Amino acid sequence: MADTTTRSKQDIEAEIAAARQRLADNVAGLINQVHPKAVMQRSIDDARGFAATEFANAKAQVVDEYGNLRTERLLLIGGAVAGVVTFVLLVRGILKNARK
């Protein structure tokens, strides 16, 4: 449907000026988003957030809601570490003997 209202020259110029300003603001926003320092800061913030979340998750595995250590979890972790160390030493010994 055609617009039957007529616009004055000043209305058109004001509309164009407003559109120019919106475009300039959008371009400035895009430049700020892709600026290397902004990208680096977002990456640092994301890494910090990830590290904080993972630390909280790991801490929740060994500390209960009252701040007491969950000894059964610590024993499981210690056993797993001992198992891995034993496995690595056994494989190392087997490979060392195989080379002789």
Side-chain angles (χ1 to χ4, degrees):
M1 203 167 186
D3 186 9
T4 58
T5 62
T6 57
R7 298 183 300 170
S8 68
K9 181 179 176 183
Q10 291 83 12
D11 291 341
I12 295 171
E13 288 173 348
E15 190 177 314
I16 291 171
R20 255 191 216 126
Q21 186 59 46
R22 284 193 307 272
L23 182 61
D25 291 343
N26 289 339
V27 169
L30 288 172
I31 289 171
N32 288 336
Q33 279 184 341
V34 297
H35 192 277
K37 287 184 180 180
V39 171
M40 181 180 66
Q41 189 59 48
R42 277 195 310 275
S43 298
I44 290 170
D45 293 343
D46 290 345
R48 283 182 180 156
F50 177 77
T53 301
E54 291 303 312
F55 177 76
N57 290 339
K59 184 178 176 183
Q61 294 295 316
V62 294
V63 178
D64 65 13
E65 60 273 5
Y66 305 110
N68 300 322
L69 291 177
R70 294 180 174 177
T71 54
E72 71 281 357
R73 294 283 174 108
L74 291 174
L75 290 174
L76 285 172
I77 293 170
V81 169
V84 168
V85 169
T86 302
F87 176 75
V88 168
L89 291 175
L90 284 172
V91 169
R92 184 176 167 202
I94 291 170
L95 290 176
K96 198 176 207 182
N97 287 336
R99 289 183 189 162
K100 288 183 180 181

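These figures come from a predicted structure and were not determined experimentally. This chain uses plain numbering: 1 for the first residue, then up along the sequence.
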**Item:** Minimum side-chain heavy-atom gap S8-D11 below 4.5 Å
**Value:**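 Touching, per the 4.5 Å side-chain cut-off.
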
**Side chains of N68 and V63 in contact at under 4.5 Å (non-hydrogen atoms)** =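 No. Closest side-chain heavy atoms not under 4.5 Å.
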
How many angstroms lie between atom [atom1] of [X] and atom [atom2] of [Y], to the nearest 0.5 angstrom?
X: H35; Y: M40; atom1: NE2; atom2: CE; result: 10.0 Å
X: F50; Y: E54; atom1: CZ; atom2: CD; result: 4.0 Å
X: R70; Y: L75; atom1: CZ; atom2: CG; result: 14.0 Å

Among Ile, Leu, Val, Met, Phe, Trp and Tyr joined by side-chain contacts under 4.5 Å, find the other residues sharing a cluster with [X] and list them by chain and number.
X: I12; value: I16
X: V84; value: V88
X: L76; value: none

Could you list the donor-acceptor pairs under 3.5 angstrom formed between side-chain atoms of residues 89-98 and any protein atom two or more places apart in sequence or on another chain?
residue : atom : partner : partner atom : Å
N97     : ND2  : G93     : O            : 3.4

**Message:** Looking only at the side chains, is there a donor atom on one of D45 and Q41 sitting less than 3.5 Å from an acceptor on the other?
**Reply:**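 Yes, Q41 and D45 have a side-chain donor paired with an acceptor closer than 3.5 Å.
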
Acceptor/donor pairs from residues 18-34 side chains to any protein atom, 3.5 angstrom cut, sequence neighbours excluded:
residue : atom : partner : partner atom : Å
Q21     : NE2  : D25     : OD1          : 2.9
N26     : ND2  : R22     : O            : 3.4
N32     : ND2  : A28     : O            : 3.4

**Asked** Can you list the residues that meet the side-chain hydrogen bond (donor to acceptor under 3.5 Å, both in side chains) rule with E13, with sequence neighbours excluded?
**Response**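 Testing E13 for side-chain hydrogen bond (donor to acceptor under 3.5 Å, both in side chains), a comparison that skips the adjacent residues, returns none.
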
